[in-house]
Visitor: 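For reference, the structure I am asking about is given below.
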Amino acid sequence: MSSAFPEIYLVRHGETEWSLSGRHTGRSDIPLTANGEAAARKLTELLSGLSFSAVWSSPSARARKTCTLAGFGSEALIRDDLAEWDYGAYEGVTTKAILAERPGWQLFRDGCPNGETAADVGARADAVIDGLREMAGTVLIFSSSHFLRVLAARWLGLPPQGGAHFVLDTASISVLGYEHDLTERIIRRWNQR
């Protein structure tokens with residue numbers, strides 16, 4: 001399904017050892033696994049034939065490597081506001097381990113000690129959306145799961161905590177866009193591999 005309106009293609013980075021083991025990977029630069037690199041290369045086929053007004057990437061090495069392996073590294077503008085959620089004290093820790101110490105904890109509701117809250121991430125997502133709306137063109141974005149989930153929630157006008165209702169696999173593609181006019185923001189496709 002094509003659209004007469006600009007679209008925003010969201011690409012989650014390829015697999016890393018930490019994404020594979022469920023460890024929260026915010027600001028740590030964990031490299032892609034061999035499987036992550038292979039999946040990033042396959043993105044080339046899925047994105048071929050598309051034209052983008054801009055390509056934006058998170059500053060993380062995993063997002064930049066995915067962007068490069070997908071064939072867009074030379075075009076990418078690195079944007080700090082696309083960085084993954086800052087997990088603070090929970091960096092490198094699994095949800096299971098956090099819940100053992102803090103029963104009932106939920107990232108999108110509770111945030112992270114010495115890290116970001118959903119509102120913090122939502123403010124960065126809003127800045128990205130402002131840039132997208134000013135550009136008014138089709139944009140390709142490489143980033144990480146939790147940030148992209150908050151971005152999707154904010155795109156739809158949901159609170160940042162609404163990102164909890166979306167799931168993203170590694171090396172997946174999602175598309176944000178519009179329906180009848182530029183006031184009707186929608187999700188056109190989600191979590192495709």
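Positions are given from 1 along the sequence. Model, not experiment: these values are computed from the prediction. Hydrogens, waters and symmetry mates are skipped; everything else that's a heavy atom, side chains included, is used.
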Visitor: If you round to the nearest 0.5 Å, how far is OG1 of Thr68 from CD of Glu37?
Guide: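 The distance works out to 11.0 Å.
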Visitor: With side chains defined as the heavy atoms from C-beta onward, is the minimum distance between Arg102 and Asp110 less than 4.5 Å?
Guide: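 Yes, at least one pair of side-chain atoms sits under 4.5 Å.
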Visitor: Look only at the side chain of Asn191 and the backbone of Asp169, and say whether a donor-acceptor pair between them is shorter than 3.5 Å.
Guide: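 The answer is yes, because a donor-acceptor pair under 3.5 Å joins these two groups.
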Visitor: Are Val175 and Leu140 in one and the same hydrophobic cluster, where Ile, Leu, Val, Met, Phe, Trp and Tyr link if side-chain heavy atoms are under 4.5 Å apart?
Guide: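 Same cluster.
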Visitor: Between Thr66 and Gly14, is there a donor-acceptor pair closer than 3.5 Å when you use the side chain of the first and the backbone of the second?
Guide: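 Pair found, side chain donor or acceptor close to backbone of Gly14.
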Visitor: Tell me, do Arg154 and Pro160 make a side-chain contact under 4.5 Å, heavy atoms counted?
Guide: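 In short, these two side chains touch, coming nearer than 4.5 Å.
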Visitor: Do Ile30 and Ser60 touch side chain to side chain, with heavy atoms closer than 4.5 Å?
Guide: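 Answer no - side chains too far apart.
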Visitor: Within the 4.5 Å heavy-atom criterion, are Leu168 and Ser174 side-chain neighbours or not?
Guide: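 With C-beta onward as the side chain, the pair touches.
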Visitor: Salt bridge check: are Glu116 and Arg124 linked by an N-O gap of less than 4.0 Å?
Guide: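 Looking at Arg124 together with Glu116, the answer is yes, because their closest N to O distance falls below 4.0 Å.
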Visitor: Identify the heavy atoms of Val167 and Trp190 that sit nearest to each other, and give their distance.
Guide: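 Val167 and Trp190 have their closest heavy atoms at O-NE1, 2.9 Å.
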Visitor: Looking only at heavy atoms, what is the nearest atom pair of Ser19 and Thr170, with distance?
Guide: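 Smallest interatomic distance, heavy atoms only, reads OG-CG2, 3.8 Å.
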Visitor: As an exercise, state the distance from CG of Leu43 to OG of Ser48, rounded to the nearest 0.5 Å.
Guide: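 Answer rounded to 0.5 Å: 11.0 Å.
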Visitor: Might you point out which heavy atoms bring Trp155 and Gly177 nearest each other, and give the distance in Å?
Guide: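 Here Trp155 and Gly177 meet closest at NE1-O, 3.2 Å.
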Visitor: Can you tell me if Thr33 and Asn35 form a side-chain donor-acceptor pair at under 3.5 Å?
Guide: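 The answer is no; no qualifying pair exists.
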Visitor: Hey, are the side chains of Leu10 and Phe147 touching, using non-hydrogen atoms and a 4.5 Å cut-off?
Guide: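 The answer is no, as the side chains (C-beta and beyond) never meet within the 4.5 Å cut-off.
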Visitor: If hydrophobic clusters are built by linking Ile, Leu, Val, Met, Phe, Trp and Tyr wherever their side-chain heavy atoms come under 4.5 Å apart, do Phe142 and Leu46 end up in the same one?
Guide: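 Both belong to a single hydrophobic cluster.
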Visitor: How long is the gap from CZ on Arg64 to CG on Asp29, to the nearest 0.5 Å?
Guide: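 Going from the CZ atom of Arg64 to the CG atom of Asp29 covers 6.5 Å.
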Visitor: For Glu84 and Ser145, work out which heavy atoms get closest and say how close.
Guide: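 So the minimum-distance heavy-atom pair works out to OE2-N, 3.6 Å.
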Visitor: Do you reckon Val139 sits in the same ILVMFWY cluster as Leu156, going by side-chain contacts under 4.5 Å, direct or chained?
Guide: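 The answer is yes; both residues are in one hydrophobic cluster.
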Visitor: So how far is it from Asp80 CG to Ser58 OG, rounded to the nearest 0.5 Å?
Guide: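 Separation between the atoms: 8.5 Å.
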Visitor: Identify, with sequence neighbours excluded, every residue that meets side-chain hydrogen bond (donor to acceptor under 3.5 Å, both in side chains) alongside Arg133.
Guide: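 Only Tyr178 meet the side-chain hydrogen bond (donor to acceptor under 3.5 Å, both in side chains) criterion with Arg133.
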Visitor: So how far is it from Ser144 OG to Arg27 CZ, rounded to the nearest 0.5 Å?
Guide: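 Separation between the atoms: 9.5 Å.
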Visitor: Would you say the ring centers of Trp85 and Tyr90 fall short of 6.0 Å from each other?
Guide: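 So the answer is no for these two rings.
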Visitor: Determine the sole option in Thr44, Val11, Leu47 for which the side chain to side chain contact (heavy atoms under 4.5 Å, CB included) test with Phe72 is passed.
Guide: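 Checked Thr44, Val11, Leu47 against Phe72; only one passes side chain to side chain contact (heavy atoms under 4.5 Å, CB included): Leu47.
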Visitor: Yes or no on side chain to side chain donor-acceptor pair (under 3.5 Å) for Tyr9 and Arg189, after CA distance, side-chain angles and deciding distance?
Guide: CA-CA 9 Å; Tyr9 282 72; Arg189 291 184 287 290; 3.2 Å; yes
Visitor: Membership question, hydrophobic clusters at under 4.5 Å side-chain separation (ILVMFWY): are Ile129 and Ile141 in the same one?
Guide: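 Linked, Ile141 and Ile129 end up in one cluster.
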Visitor: To the nearest 0.5 Å, tell me how far Glu7 CD sits from Ser53 OG.
Guide: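 That separation rounds to 11.5 Å.
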Visitor: Which word best sums up how the rings of His24 and Tyr87 line up, parallel for under 30°, tilted for 30 to 60°, or perpendicular for over 60°?
Guide: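 Judged by the thresholds at 30° and 60°, the geometry between His24 and Tyr87 is tilted.
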Visitor: Counting distance only, does the side-chain N/O of Arg149 pair as donor-acceptor with the main-chain N or O of Gly163 below 3.5 Å?
Guide: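 Side chain of Arg149 to backbone of Gly163: a pair is present.
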Visitor: Indicate yes or no for a side-chain donor-acceptor contact from Ser143 to the backbone of Leu82 under 3.5 Å, with no hydrogens or angles considered.
Guide: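 Checked: pair present.
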Visitor: Tell me if the CD atom of Gln192 is crowded by more than 12 foreign heavy atoms within 6.0 Å.
Guide: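 More than 12 within 6.0 Å, yes.
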Visitor: Contact between Leu50 and Thr138 at the side-chain level, heavy atoms closer than 4.5 Å - yes or no?
Guide: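 No; the side chains remain at least 4.5 Å from each other.
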Visitor: Testing His146, Glu17, Arg62, His13 one by one against Thr25 for a side chain to side chain contact (heavy atoms under 4.5 Å, CB included), which residue passes?
Guide: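 Of His146, Glu17, Arg62, His13, side chain to side chain contact (heavy atoms under 4.5 Å, CB included) with Thr25 is met by Arg62 alone.
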Visitor: Does some side-chain heavy atom of Leu176 sit less than 4.5 Å from a side-chain heavy atom of Leu132?
Guide: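 No, every pair of side-chain atoms sits at 4.5 Å or beyond.
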Visitor: Which atom names give the shortest non-hydrogen contact between Arg79 and Val128, and what distance separates them?
Guide: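 Where Arg79 meets Val128 most closely, the heavy atoms are NH2-CA, 3.9 Å.
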Visitor: Please report the closest heavy-atom contact between Ala54 and Met135, naming both atoms and the distance.
Guide: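 Taking every non-hydrogen atom into account, CB-SD, 3.5 Å.
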Visitor: Examine Trp105 and Val121 and state if one hydrophobic cluster contains both, with Ile, Leu, Val, Met, Phe, Trp and Tyr joined whenever side-chain heavy atoms are less than 4.5 Å apart.
Guide: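 Both belong to a single hydrophobic cluster.
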Visitor: Side chains of Ser28 and Glu91: any donor to acceptor distance under 3.5 Å?
Guide: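 Their side chains do contain a donor-acceptor pair, which is all the 3.5 Å distance test asks for.
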Visitor: For the residue pair Phe108 and Val150, establish whether any side-chain heavy-atom pair is separated by less than 4.5 Å.
Guide: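 In short, these two side chains touch, coming nearer than 4.5 Å.
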